[in-house]
Amino acid sequence: MISGFLNTRAFTCCCTVLVAALLLAGCGSSKSSMDVSGVQEAEQAAVPIITVDQYIDMSDLQDGGSVASGEGGGGLVQRILDSESFDLSPMADLLRERTYGTYSERLPRVMSEEEVIQADRYKNFTLLDEESSDDRMQRVNRLEVPDGYKQYNVGQGSVFGDRQQQMFGAVPETADAILLVSADYEMVEDNPFWYWFLPVSPDRAYIEATVRMEMLDREGNEIMEIVQAARSNNHVNTVGGITAEPGKIQPLCTEATEKAVEAIDTATKQELTGS
């Protein structure tokens, strides 16, 4: 009887662990990096850039053959960008809200928006030659920014990442640092381990959002870098390739962005305030 009881209990425990694994597998993940060692060197920081790149990197799905045949990753991304149901402007507003409402309290003095983006120096600043035939100019149109901000993405790894220091030309001369805030997206395939036990099952695709906060001094040195990536809890199924409607991708981007922002909230509170 005791042996039977123990076997039953062991079976129950195994089932509990399995159920937990089934629920958690693929639900989301996050990664981060942070270097705030030099942030105290700045006395006044201006925020000339807050941007959300609506382009979704689908290279992970293309490598795995999960992009619908006949359309390709580029065609699907363009269809998403062209859809009226796909709008990440609320995410740009979220980054702005947290930058001035939360992070500014933990950083060296962050100059107000009025001091920066409403000044003639900012309004008259041009980072890009709009008459240029540079192919990179085409990617500017996919960016979402809060009202009044320049539509530039100079974050790490962006197409204009080599022009970060030039943004000092857009801010007041009293600023000895600039803070660049950005978000970008990737669609990744991630199936739970128990998929191996099913005869037929659609692959799962999640959205991963990466939010970056980079602070540079006037010499171009990076004195702060905070990177948080988070994956959406929900997913879209891929059956013979991604065929999801753009309206189904939108909530995944929102989920992932909100998770990444919350991770930054926690990380900055720990690293910058010690609480």
Side-chain angles (χ1 to χ4, degrees), residues 33-53 55 91-132 134-184 210-228 261 264 267-268 271-272:
S33 63
M34 178 178 294
D35 182 3
V36 297
S37 57
V39 70
Q40 297 302 326
E41 298 175 9
E43 295 183 3
Q44 289 196 99
V47 185
I49 294 294
I50 298 178
T51 184
V52 169
D53 193 338
Y55 181 89
M91 299 301 96
D93 292 335
L94 174 63
L95 293 184
R96 174 189 172 279
E97 174 192 339
R98 294 301 176 91
T99 297
Y100 287 101
T102 301
Y103 311 139
S104 63
E105 298 177 357
R106 302 169 183 172
L107 294 168
R109 179 178 178 263
V110 174
M111 305 178 77
S112 69
E113 283 186 311
E114 291 75 14
E115 294 176 273
V116 181
I117 68 172
Q118 293 186 16
D120 289 340
R121 182 181 175 92
Y122 185 84
K123 293 177 180 179
N124 297 331
F125 175 80
T126 300
L127 177 67
L128 312 176
D129 179 5
E130 296 184 2
E131 302 300 324
S132 171
D134 193 328
D135 291 339
R136 296 179 298 177
M137 280 293 297
Q138 299 176 9
R139 301 181 66 177
V140 173
N141 296 327
R142 71 194 192 191
L143 301 177
E144 287 289 349
V145 299
D147 290 342
Y149 280 84
K150 296 287 185 180
Q151 203 171 13
Y152 301 148
N153 186 357
V154 295
Q156 181 181 4
S158 71
V159 291
F160 292 107
D162 58 341
R163 303 189 184 187
Q164 290 182 331
Q165 193 176 2
Q166 295 182 34
M167 290 307 301
F168 274 100
V171 302
E173 295 183 356
T174 54
D176 58 358
I178 54 173
L179 178 62
L180 311 173
V181 184
S182 64
D184 55 69
T210 301
V211 177
R212 294 182 174 86
M213 295 177 64
E214 303 163 72
M215 186 176 289
L216 280 70
D217 64 18
R218 282 194 171 270
E219 285 67 48
N221 301 314
E222 188 174 75
I223 59 177
M224 184 189 78
E225 180 189 35
I226 301 173
V227 181
Q228 291 285 344
V261 167
I264 286 185
T268 54
E271 296 294 330
L272 297 174

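The figures here come from the full heavy-atom set of this structure, side chains too, leaving out hydrogens, waters and symmetry mates.
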Of all heavy-atom pairs between V145 and Q151, which one has the smallest distance, and what is that distance?
CG1-CA, 4.0 Å
Under the side-chain contact (heavy atoms from CB on, under 4.5 Å) rule, what do R142 and D53 come out as? Steps first, then yes or no, please.
CA-CA 6 Å; R142 71 194 192 191; D53 193 338; 2.8 Å; yes
Under the side chain to side chain donor-acceptor pair (under 3.5 Å) rule, collect the residues that match up with Q44, sequence neighbours excluded.
R109
Taking all atoms of both residues into account, what is the closest heavy-atom pair of P172 and R218, and its distance?
O-NH2, 3.2 Å
Determine the minimum heavy-atom distance between K150 and I49, stating which atoms define it.
O-CD1, 4.2 Å
Does atom CD of E173 have more than 12 heavy-atom neighbours from other groups under 6.0 Å away?
no
In terms of heavy-atom contacts, V116 and A46 come closest through CG2-CB, 3.8 Å
D217 side chain to N221 side chain, donor-acceptor N/O pair below 3.5 angstrom
yes
Steps toward side-chain contact (heavy atoms from CB on, under 4.5 Å) verdict (M224, M213):
CA-CA 8 Å; M224 184 189 78; M213 295 177 64; 4.2 Å; yes
Kindly give the heavy-atom pair with the smallest separation between L216 and Q164, and that separation in Å.
CD2-OE1, 3.5 Å
Write down the atom of E43, the atom of D176, and the distance for their closest heavy-atom approach.
N-OD2, 3.0 Å
Which side-chain N or O atoms in residues 101-108 pair as donor and acceptor under 3.5 Å with protein atoms at least two apart or in another chain?
{"from": "Y103", "atom 1": "OH", "to": "D265", "atom 2": "OD1", "distance (Å)": "2.9"}
{"from": "S104", "atom 1": "OG", "to": "Y100", "atom 2": "O", "distance (Å)": "2.7"}
{"from": "R106", "atom 1": "NH1", "to": "D265", "atom 2": "O", "distance (Å)": "2.8"}
{"from": "R106", "atom 1": "NH1", "to": "T268", "atom 2": "OG1", "distance (Å)": "2.7"}

What pairs with D93 under side chain to side chain donor-acceptor pair (under 3.5 Å), at least two apart in sequence or on another chain?
none
So, does Y152 use its side chain to make a donor-acceptor pair with the main chain of L127 at under 3.5 Å?
yes
May I have the step-by-step check of side-chain contact (heavy atoms from CB on, under 4.5 Å) for M111 and V171, ending in yes or no?
CA-CA 10 Å; M111 305 178 77; V171 302; over 6 Å; no
Please identify which of these residues, L180, I117, L179, meets the side-chain contact (heavy atoms from CB on, under 4.5 Å) condition with P48.
L180
Rounded to the nearest 0.5 Å, how far does CD of Q228 lie from CZ of R212?
11.5 Å
